[in-house]
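Here's the structure we're looking at; comments come further down.
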Amino acid sequence: MAEISAPRFAPRQVLVLYSLGSDASSQWQTLIHKGMSAELANENWHLAPGIYEERLDSVRVGEQPAVAGLETYLQTKYRMVQFDAIITENYLAAQFLSQHPQLFPGVPRYYVNQGRQDWTPADGINLDVRHDFGKAIAIMLQVTPGLRHIAVVGDGSARGQAWIAAIRDAIAPYQDRLKADFWDHLSQEELWRRTGTLGPGSAIYLLPVYRDELGQRTTPPAMARDLASRSAVPIFTSVESLILPGVVGGYVISGEKVGRTIARILLGRTPNPDGMQATIFDDAAVQRFGLRNLPGESRILNRPQGVWAQYHWQIIAGLSLIALQAALITALLLARRSRRASVAALHAERDMLEERVLQRTLELLVANSRLEQQATTDPLTGLGNRRMMTLRLTEELERAQRFGHTLSLLMIDIDHFKRINDDHGHDAGDRAIAAVAQVLRSVTRGMDTAARFGGEEFVLLMPETPLPVALEAAERLRLAAASLRVECDDGQLVSLTISIGVTCNTPQSTAATRREADNMTDLLIRADQALYRAKHGGRDRVEWS
């Protein structure tokens, strides 16, 4: 494998493409970030790499929607960034990048944990995990001496079939003492039925499963939970994120170690593709199935603590409750002559508890509503995010073309934002982004839509608005932003200015001189071009295209 060049004095700029979405929607992504943070923790922050992260979110939206329009988005968003490397994690991101060789040409590419071990990419380096299924089988036999039968659960995907072929080779040396069944072409109903027939001396080895034989889509964690709820035998697995309640674990691909590998690439160091597996067990499952002879290097999850460490809050609460009951009894004995007042106090206490229950119920309803909004809301500014703007822009373009309306699009960027971050810290940068977002709210109409498109960049959609009106609105927005002052941690006030690119669509009814009406990509590119002219024309100005 080629050596990665040593770190430069200038921080590296690296784009990371993840396949499975955010930490909130993927336990695997949480483990990846945990490993990255641990590897980067001891680095000099002056030389920390500039990390640009994009999540395809295939867990929630599916593979095809996750990559739709992604090439145009990346080209538009990062046209002014010179990357030192591009890293993909998992198979979908790797597949997308390898199918788009024209995207960021000449930038070194690193395909991490992408599921094709023998693949040699023409445009980068393959850093796939080298599965040691032989060691995984040996550990299963070591911790369950009575094991005589293994049911391997997989699917019919190309990756799944490659893994199963490797497992067959790994089991071959044990064929005189170990029988193996391969459940890779079953419907879910048949899989549940067969699971219920397994008895002593059997175990399940679970690979990541995404679809059954009938094409029914699932997720690997959902499959692990369903199997664990039905299985009376130990379930071993090949991936750390599938070690859920009821799943034993075993010799697995470690999400934290994959994260550390990505961090080494970020730092410009040579990663070790052989160091991304570990022996990990769940303590409750180990105790349930009476496993023994665990390897000395094993990491045990969810090991129970001492009584005080595990239940100290319950103990404190119990003692507090006893003290409270004693105080209440004493108070009742002292207040026997004023029983009516005591009863009234008890009624008041009951009403207060009922009010608290009602308040907690309302809080839960609000929390659920917020969860529904997270998919389309930027957490820093409260504005819409890129996905919400893409949906709204698509809807408004269709409506504008149907009724012959004109709509305008403003692309706004904070001037010298990197200088604010470098000179005053990221907290000051976040305050600047939030301040500009507040200005956007104050100058927009109820029918307009404002969104944070990424980083310090915003987009404002103005339906039924001709270009002259949009230019006036852009100028008001520019003047309002120029009056902002952002307070830094050291008390210093930083002035802000913004640059704005404005464009409008050509409705179908007025498109006679054009081949066809504008689409979303046309508008975004023209607005970005106008913003580019504003930036290079001196900043703090409005340009249109």
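For reference, positions follow the sequence shown, starting with 1. Just so it is clear, the values below take in all heavy atoms, side chains as well, and ignore hydrogens, waters and symmetry mates.
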Practice task
Report the residues that fulfil ring-ring contact (aromatic ring centres under 6.0 Å, His included) with Tyr111, sequence neighbours left out, ordered by chain and then residue number.
Solution key: Trp119
Handout entry: Under the side-chain hydrogen bond (donor to acceptor under 3.5 Å, both in side chains) test, residues paired with Asp415 that sit two or more places apart
Key = Thr497, Ser499, Lys535
Handout entry: Donor-acceptor under 3.5 Å (Gln161 side chain, Gly154 main chain)
Key = no
Practice task
Identify, with sequence neighbours excluded, every residue that meets side-chain hydrogen bond (donor to acceptor under 3.5 Å, both in side chains) alongside Ser495.
Solution key: Arg485
Problem - Listed partners of Glu398 passing salt bridge (charged side-chain N to carboxylate O under 4.0 Å, His left out), at least two apart - result: none
Completion exercise
Sequence neighbours excluded, the answer for salt bridge (charged side-chain N to carboxylate O under 4.0 Å, His left out) partners of Arg533 is none
Handout entry: Closest contact, heavy atoms only, Ala400 versus Leu407
Key = CB-CD2, 3.9 Å
Exercise for the section: Using the side chain to side chain contact (heavy atoms under 4.5 Å, CB included) rule, take Leu496 and Ile420 through it: C-alpha gap first, then chi angles, then the decisive distance, then the call. Expected result: CA-CA 9 Å; Leu496 296 181; Ile420 296 175; 3.5 Å; yes
Exercise for the section: Using the side-chain hydrogen bond (donor to acceptor under 3.5 Å, both in side chains) rule, take Tyr73 and Arg386 through it: C-alpha gap first, then chi angles, then the decisive distance, then the call. Expected result: CA-CA 10 Å; Tyr73 165 71; Arg386 176 173 63 88; 3.3 Å; yes
Problem - side-chain hydrogen bond (donor to acceptor under 3.5 Å, both in side chains) involving Gln438 - partner list, sequence neighbours excluded - result: Arg441
Exercise for the section: Using the test ring-ring contact (aromatic ring centres under 6.0 Å, His included), find all partners of Tyr18 that sit at least two apart in sequence or belong to another chain. Expected result: His33
Problem - Side-chain heavy atoms of Glu395 within contact of Arg392, under 4.5 Å - result: yes
Practice task
Sequence neighbours left out, what passes ring-ring contact (aromatic ring centres under 6.0 Å, His included) with Phe417? Give chain and number order.
Solution key: none
Completion exercise
When rounded to the nearest 0.5 Å, the distance separating CE of Met462 from OG1 of Thr444 is 8.5 Å
Handout entry: Non-hydrogen side-chain atoms of Ile86 and Pro108 separated by less than 4.5 Å
Key = no
Practice task
Could I get the full list of side-chain hydrogen bond (donor to acceptor under 3.5 Å, both in side chains) partners for Thr237, not counting sequence neighbours?
Solution key: none
Acceptor/donor pairs from residues 427-437 side chains to any protein atom, 3.5 angstrom cut, sequence neighbours excluded:
residue: Arg431; atom: NH1; partner: Glu487; partner atom: O; Å: 3.0
residue: Arg431; atom: NH1; partner: Asp489; partner atom: OD1; Å: 3.4
residue: Arg431; atom: NH2; partner: Asp489; partner atom: OD1; Å: 2.7

Fill in the blank from the handout: Sorted by chain and residue number, the ring-ring contact (aromatic ring centres under 6.0 Å, His included) partners of His536 (sequence neighbours excluded) come out as Tyr532
Practice task
Go through the structure and list residues passing salt bridge (charged side-chain N to carboxylate O under 4.0 Å, His left out) with Glu472, not counting sequence neighbours.
Solution key: none
